[in-house]
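Take a look at the structure set out below.
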2 protein chains.
Amino acid sequence: MRREVTLRDVAELAGVSSRTVSNVVNGYANVTERTRERVQRAVDELGYRPNVLARNLAQGRSGQIAVVVPYLDTPYFSELLQSVIRAARVSGYNVLIDQTDGDPEHERAFIAHGSRRLLFDGVIFSPLGLDQQALADRDRTLPLVILGERASDGSFDHVGIDDVAASRLATEHLIDLGRRRIAAIGDQPYATGEAAQRRTRGFREAHAARGLTPREELIISTPRFNRPDGARAMEHLLDLAEPPDAVFCYSDLVALGAIRTIVSRGLRVPEDIAVIGYDDIEDGRFSNPTITTISPDKEMIATTAVDRLLLRITSESPPPGLELRAPFKLVERESTTGRVSPR
Amino acid sequence: MRREVTLRDVAELAGVSSRTVSNVVNGYANVTERTRERVQRAVDELGYRPNVLARNLAQGRSGQIAVVVPYLDTPYFSELLQSVIRAARVSGYNVLIDQTDGDPEHERAFIAHGSRRLLFDGVIFSPLGLDQQALADRDRTLPLVILGERASDGSFDHVGIDDVAASRLATEHLIDLGRRRIAAIGDQPYATGEAAQRRTRGFREAHAARGLTPREELIISTPRFNRPDGARAMEHLLDLAEPPDAVFCYSDLVALGAIRTIVSRGLRVPEDIAVIGYDDIEDGRFSNPTITTISPDKEMIATTAVDRLLLRITSESPPPGLELRAPFKLVERESTTGRVSPR
DNA sequence: CTACGCTTTTGCAGCGCTGCAAAACACAGC
DNA sequence: GCTGTGTTTTGCAGCGCTGCAAAAGCGTAG
């Protein structure tokens, strides 16, 4: 394999210094048109391509951002990632992906001072079990944007929707349909993450706002927000003496699992039990029945996260850590209204 | 921000040369226990972390592999990616992800000689529209493993299941259930990729093997293998004078879309129309009904792809390009048998 | 003609590590 | 004590680029 073409080779051919070639390649301002043309010709003739590794070392940055999610195969995350990758590419950044399987140790390692530092210039992080201690111990020189779980302590940005308000909206929707025995699937009272608790709070607030009291035995905890957990929780609910007539699921996957259980027991959604989900993943638009859900603006979450992270990376003094709220809306589909709805 | 600790700093403290520190850090053999200990102590005391960028430049490799998929939010790919990331991490490689949106130009750019070369040491590529020309023009110094579409020309490895045999098995399953008007959704007769054609071939072979002739008007082409395409194709089929009594869908997503259409027209699956899918994604294990499907061994596909790629990266002379076949099996669920089946 | 300020180009050091080959050391045998 | 062999350590160059500061060029004013 013959040696790669370097800046020096181009410089020699063009009869200028290698620094000038660098200036041309990087589009710096102060280069005369004549020089630029001459260099460009040499670049083209030799087929020169900058060596990214060398540039990285010289600049002390990698041009990469890492995105860390618990599970890559969760549709919510893969849909989000898709937008993150697009947004990053627009700014010339590559995206390195890692999944933690929700393992707190792994999560902690990722933002601690680590050997992988410098491999990425910043991190967009969607933690599950990250506790305050891990956040406090983290590498503070590493630009960080957190999605979902943790409120900002001022040293990083947090992007997400207002979970309490969204959950309240979802629950009120069920109440307003006339349902009175409403279950909630997905609480995690002992988790270090906060998203589940915020949803439960919204669930309670909705009841309070309508002068109702939620039944505690209908609030079901699950380890994760996936289909099997939703299916299991629903089985438990159906085995109660007085099963619910509606369920607020903390993710669409949970809703899909719950619906599966309901249907396989010969009950109907929404006639017997209305179900509402959270996330608005594509599955819910094609399932039987289609799922009413809270739809966060994922595109905005992704672009906001990337923009803030790049700002953090490029700015001299670290900008203040912000709480950034993306909009969300309630999308009514068959699983609560029974009406066939447009996708 | 204070300067990072370098090899030289450690060397100074330990009273050895920086090269020796490097040897210790990298676990080379010929270092006496005494020296190793002394150096290790210095490393710990200073909290030294190797600078990945510098190492990359010196070694001329990045320790990263790129995985290129058409759509990240397609469950088949995200499930596969999950396994690829795990397998790569075991060998100390990071995974850079890119999605092409199926754009042939983007796909071509990725394997052509490019400025991003050196950012990754090899590529695992799942192309959609890559043609022979693009493959021929590619950067041949870039280790490459292709998933799915393209058979190997000997200069790269190809990992996948036997699509013809799998499709034949799927179709025979429908025939053996007594169905005679069997449709196929997902053909792409003019695509540059080969997967769709191979599935259609298996579909035809199954008919031939049973002494039947497939009805051409029941073989439906779709631009992609997703839910909306499946739903649309099914609408077309139901509008025919003689609709099918079974459908072989070229992906589970297509099957989900098709089932959605069937159910929303008031028909039943499988009583009126049996549906079989392809890929065995989690959605199909929780949908209503659950989906009978061809289940490729994704874990094996992922680990095989990573192993072969790393072999290609590390070996002196390029190994021969192989055709590697992963096993698959037929998983019977409700959408064809009507029986409630274990997950 | 010289001085001055501005634009363009250059030279060099150095980012922090590893490859290579030579040097130093250790030990055994004569 | 000296030689030879094998092990351990070292020094240096260099990966290919960019930051920095100095040098060169260039035009205008005095």
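Note on naming: letters A, B, ... go to the chains in the order of the sequence lines (proteins, then strands), and numbering restarts at 1 for each one.
Going from atom CZ of B:R61 over to atom P of D:dG16 covers 16 Å, rounded to whole Å. In this structure, B:R36 places its CZ atom 15 Å from P of D:dT7, rounding to the nearest Å. Spacing between atom CG of A:N23 and atom C1' of C:dT9 amounts to 8 Å, rounded to whole angstrom units. A straight line from CZ of B:R49 to C1' of C:dG16 spans 16 Å, rounded to a whole angstrom. Taking atom CG of residue B:L7 and atom C1' of nucleotide C:dG14, one finds them 15 Å apart after rounding to whole Å. The distance between atom CG of A:L46 and atom P of D:dG16, rounded to the nearest whole Å, is 14 Å. Between A:E33 atom CD and C:dT9 atom P there is a gap of 11 Å when expressed in whole angstrom units. Taking atom CD on A:E12 and atom C1' on C:dT10, their separation rounds to 16 Å, with Å as the unit.
At the heavy-atom level, B:R55 lies under 4.0 Å from the strands shown only through sugar-phosphate atoms. The residue A:N26 sits close only to the backbone: its heavy atoms come under 4.0 Å of sugar-phosphate atoms, none of a base.
Separation of the A:F110 and A:F120 ring centroids falls under the 6.0 Å cut-off.
At the phosphate of D:dT9, OP1 or OP2 sits under 4.0 Å from a side-chain N or O atom of B:T32. The phosphate of C:dC17 has neither OP1 nor OP2 within less than 4.0 Å of any side-chain N or O from B:S22. Taking side-chain N and O atoms only, B:Y28 has no distance below 4.0 Å to OP1 or OP2 of D:dT7. Side-chain N/O atoms of B:S18 include none lying less than 4.0 angstrom from OP1 or OP2 on C:dC17. For the OP1/OP2 pair of C:dT9 and a distance below 4.0 Å, the side-chain nitrogens and oxygens of A:T20 include no atom meeting the criterion. Side-chain nitrogen and oxygen atoms of B:T6 include none within less than 4.0 Å of the OP1 or OP2 phosphate oxygen of C:dG16.
Geometrically, A:R224 engages A:Y71 in a cation-pi contact, judged by NZ or CZ lying under 6.0 Å from the ring centre and within 45° of the ring axis.
A:S78 places none of its side-chain heavy atoms less than 4.5 Å from the side chain of A:L72.
Between the side chains of A:R86 and A:T303, no donor-acceptor pair is found at a separation under 3.5 Å.
Side-chain atoms of B:R19 lie closest to C:dC20 of the nucleotides C:dC15, C:dC20, D:dT18. Candidate nucleotides C:dT10, D:dC17, D:dT8 were compared by shortest atom distance to the side chain of A:Y48, and D:dC17 ranks first. Among the nucleotides D:dT10, C:dT9, D:dC15, the one closest to the side chain of B:V16 is D:dT10.
Residues B:L57 and B:V31 each lie close to DNA chain D; by heavy-atom proximity, the contact nearer the 5' end of the strand is made by B:V31. Checking B:Q59 against B:S17, the closest nucleotide of DNA chain D that is more toward the 5' end is the one next to B:S17.
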> Hey, mind stepping through A:R89 and B:D98 against salt bridge (Lys or Arg N to Asp or Glu O under 4.0 Å) and telling me if it holds?
Replying inline: CA-CA 9 Å; A:R89 184 159 49 219; B:D98 206 4; 2.3 Å; yes

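The main-chain N or O of A:G102 is found under 3.5 Å from a side-chain atom of A:T100 such that the two form a donor-acceptor pair.
Interface remark: the A:R8 side chain does not form any donor-acceptor pair with the D:dG16 base, using a distance-only criterion of under 3.5 Å.
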